[in-house]
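These notes concern the structure reproduced below.
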Amino acid sequence: MRKILIVGAGQSGLQLALGLQSKGYEVTLMSNRTADEIRAGRVMSTQCMFHTALQHERDLGINFWESQAPRIEGLGVSVAAPDSSRAVDWVGKLDGYAQSVDQRVKMAGWMEAFVQRGGQLVIHGAAVSDLDYFSRTYDLVLVSAGKGELVSMFGRDASRSPYTEPQRALAVAYVHGLGPRPEHPDFDAVRCNLVPGVGELFVMPTFTTSGRADILFWEGVPGGPLDAFQGVKDPAEHLSLTLELMEKFTPWEYARATKVELTDAGGTLAGRYAPTVRNPIGRLPGGGLVLGVADVVVANDPITGQGSNSASKCAASYLASITEHGDKPFDEQWMQGTFDRYWETAQHVTKWTNAMLGVPPEHVLNLIGAAGQLQPVADRFANGFNDPSDFENFFYDPEKTGAYLASVSGA
Ligand SMILES: Cc1cc2nc3c(=O)[nH]c(=O)nc-3n(C[C@H](O)[C@H](O)[C@H](O)COP(=O)(O)OP(=O)(O)OC[C@H]3O[C@@H](n4cnc5c(N)ncnc54)[C@H](O)[C@@H]3O)c2cc1C
């Protein structure tokens, strides 16, 4: 059977490894950490995944935590007014529920399942020189190592990467003890709180190593008041700062957070990165070729919560391209075609996410405001997180937005 090496055991690498394994491929997975190290380590994401991405996991039978993870049935948007009241406040209903399973739980569990099913797991932080050797001994080498150092093998695609610098400073805290939003205590939702010119606070439930928890996630405009977490090493200090900023900028979220405690010592994360699209094929010094997967080739800012969704969609798309290719060689042409097929979906995510990082134009402000009066608009916006290609129909072009709002108001 064909031999495939996957470097990097995150959402995309593990999903592909388990998928290929189930189809009889001989898969080797290389990870720079063991399952136990991942489980006992630091949180990596907020990893909220919507229906289509979750369905790819169900299709492979690897939705191991679906019954335990909270069902996220809505997506809400609140906009802070200058006096810190809410100028806009609505929640759209998702057609299919979303879920967040802490990547520490998921990646550790998937890695163990891969080994139990006979997969070969190598614990090793791969370097470019290792890949040179492996590209000669495997039929295909896939690099799914996220935003780590191996991306240096893949050239930046400037035509698809409008930003050269990080657009947000990220600060995440996993907590127990968050109260419900009093307006909708009956169902869970992702809450997107926009503070114009300052940044965004995302609040969502998750399933972590200690069961159900909630995530408080600040995205701060660099240099602004939320860009305050760099150098904060103590998790307790990180949480106090998170809460202090919530009290100041989003008091309605702070009101339900007064009794929270961190889930564990690894429950905080801070950082930043520039959103980047890369050329999908890495050329090794010895002439071999490797194909980049998910964040390696398309890394978007988490402002739209799409990276894990995209990793799942990329893994599903690559799995189809690999199996459909049969015994033919995985050459450069196949690699480019495989990425191009994924880009058909990924381009919409990148376009929308990069738009959300900028200052919103007037027609987008009108759209977000109108969703407070028109429930179908709120619902459609919310479901765009599952399928961002729909934003082409009503988000970017003022005329299309106007026509859409007129059609909903008329109805
Ligand atoms: C703060 C934050 C919040 C986010 N929130 C969301 C969200 O709500 N929804 C969403 O969909 N996405 C979200 N994302 C994005 C999402 O987490 C990532 O896009 C997704 O995990 C990417 O998957 P991946 O498989 O490409 O890489 P990763 O999940 O990053 O996995 C890469 C793996 O490769 C390993 N590795 C790295 N280098 C090497 C090496 N040299 N050798 C071997 N192994 C290596 C790493 O340790 C890691 O385990 C968020 C990201 C951040 C930072």
Side-chain angles (χ1 to χ4, degrees), residues 42-48 72 75-82 84 86-89 100 102-103 147 163 165-179 181 189-206 208 213-264 266-275 299-308 353 356-360 385:
R42 186 175 279 284
V43 295
M44 293 168 270
S45 178
T46 62
Q47 71 270 311
C48 181
I72 299 173
L75 182 133
V77 172
S78 306
V79 181
S84 294
R86 275 171 280 183
V88 172
D89 194 42
S100 163
D102 185 343
Q103 289 187 340
K147 296 176 280 287
Y163 300 113
E165 299 294 328
Q167 298 300 300
R168 292 292 187 276
L170 318 173
V172 171
Y174 280 46
V175 296
H176 287 306
L178 187 79
R181 275 273 199 120
V190 180
R191 294 294 181 163
C192 312
N193 300 280
L194 317 182
V195 187
V198 175
E200 300 82 20
L201 172 74
F202 300 93
V203 183
M204 72 197 80
T206 191
T208 183
D214 287 275
I215 306 176
L216 311 173
F217 172 25
W218 274 118
E219 283 235 334
V221 172
L226 303 175
D227 184 0
F229 291 85
Q230 226 168 0
V232 177
K233 294 277 174 277
D234 176 24
E237 198 187 323
H238 181 116
L239 178 60
S240 321
L241 188 52
T242 300
L243 294 171
E244 210 177 284
L245 293 166
M246 285 171 70
E247 187 174 17
K248 179 162 184 200
F249 292 107
T250 56
W252 59 92
E253 292 289 22
Y254 177 72
R256 62 182 178 132
T258 50
K259 294 192 176 69
V260 300
E261 290 176 356
L262 282 177
T263 53
D264 60 277
T268 61
L269 174 73
R272 68 187 73 202
Y273 58 89
N300 294 304
D301 188 278
I303 190 167
T304 52
Q306 292 294 306
S308 303
T353 305
M356 291 295 284
L357 289 168
V359 177
F385 281 74

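When a residue number appears, it is its place in the shown sequence, counting from 1.
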*So Val221 and Arg168, side-chain contact (heavy atoms from CB on, under 4.5 Å) or not? Walk me through it.*
CA-CA 5 Å; Val221 172; Arg168 292 292 187 276; 4.0 Å; yes

_Check against side-chain contact (heavy atoms from CB on, under 4.5 Å), Thr206 and Thr46_ = CA-CA 8 Å; Thr206 191; Thr46 62; over 6 Å; no

*Run the numbers on Ile215 and Gln47 for side-chain contact (heavy atoms from CB on, under 4.5 Å), then give the verdict.*
CA-CA 10 Å; Ile215 306 176; Gln47 71 270 311; 4.0 Å; yes

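Counting heavy atoms from C-beta outward, Thr263 and Asp102 have side chains that stay 4.5 Å or more apart. Residues Thr353 and Ile303 are in side-chain contact: their nearest non-hydrogen atoms beyond the backbone lie under 4.5 Å apart. A heavy-atom distance below 4.5 Å is found between the side chains of Ser308 and Gln103. A heavy-atom distance below 4.5 Å is found between the side chains of Phe385 and Gln306. Put simply, the side chain of Val203 does not reach to within 4.5 Å of the side chain of Arg181, judged on heavy atoms. At a threshold of 4.5 Å between non-hydrogen side-chain atoms, the residues Phe217 and Pro302 count as touching. Taking 4.5 Å as the limit, every side-chain heavy atom of Pro166 sits out of range of all side-chain heavy atoms of Tyr273. A heavy-atom distance below 4.5 Å is found between the side chains of Pro225 and Val198.
Between the side chain of His176 and the main chain of Asp264, no donor-acceptor pair closer than 3.5 Å is present. Between the side chain of Ser84 and the backbone N or O of Ala80 there is no donor-acceptor pair closer than 3.5 Å.
Atom CE of Met356 is separated from atom CG of Asn300 by 12.5 Å, given to the nearest 0.5 angstrom. From Arg191, atom CZ reaches atom CZ of Arg256 across 7.0 Å, with rounding to the nearest 0.5 Å. Atom-to-atom distance recorded for Leu241:CG and Met246:CE is 12.0 Å, nearest 0.5 angstrom. Going from atom SG of Cys192 over to atom CE of Met204 covers 7.5 Å, rounded to the nearest 0.5 Å. In this structure, OG1 on Thr268 lies 8.5 Å from CG on Asp234, to the nearest 0.5 angstrom. Note: Leu178 CG to Glu253 CD = 7.5 Å, rounded to the nearest 0.5 Å.
Between the side chains of Asn193 and Trp252, a donor-acceptor pair is found at a separation under 3.5 Å. Judged by distance alone, the side chains of Arg86 and Thr250 never bring a donor and an acceptor atom under 3.5 Å apart.
Nearest heavy atom pair, residue Ser100 against residue Pro205, reads CB-O, 3.6 Å. Taking every heavy atom of both residues into account, Gln167 and Pro222 meet most closely at O-CD, 3.1 Å. Summarising the geometry of Leu226 relative to Gly199, their closest heavy-atom pair is CD1-CA, 3.7 Å, with the distance given to 0.1 Å. Across all their heavy atoms, Leu170 and Asp301 have their closest contact at CD2-OD2, 4.4 Å. The minimum heavy-atom distance linking Gly267 with Leu262 is given by the pair O-CD2, 4.3 Å. Heavy-atom minimum distance, Ala274 versus Glu165: CB-C, 3.5 Å.
Checked against Tyr254 for a side-chain contact (heavy atoms from CB on, under 4.5 Å), the options Leu201, Leu243, Leu216, Leu245 give a single hit: Leu243.
Ring orientation note: the planes of Phe249 and Trp218 are nearly perpendicular, at an angle over 60° on the 30°/60° scale.
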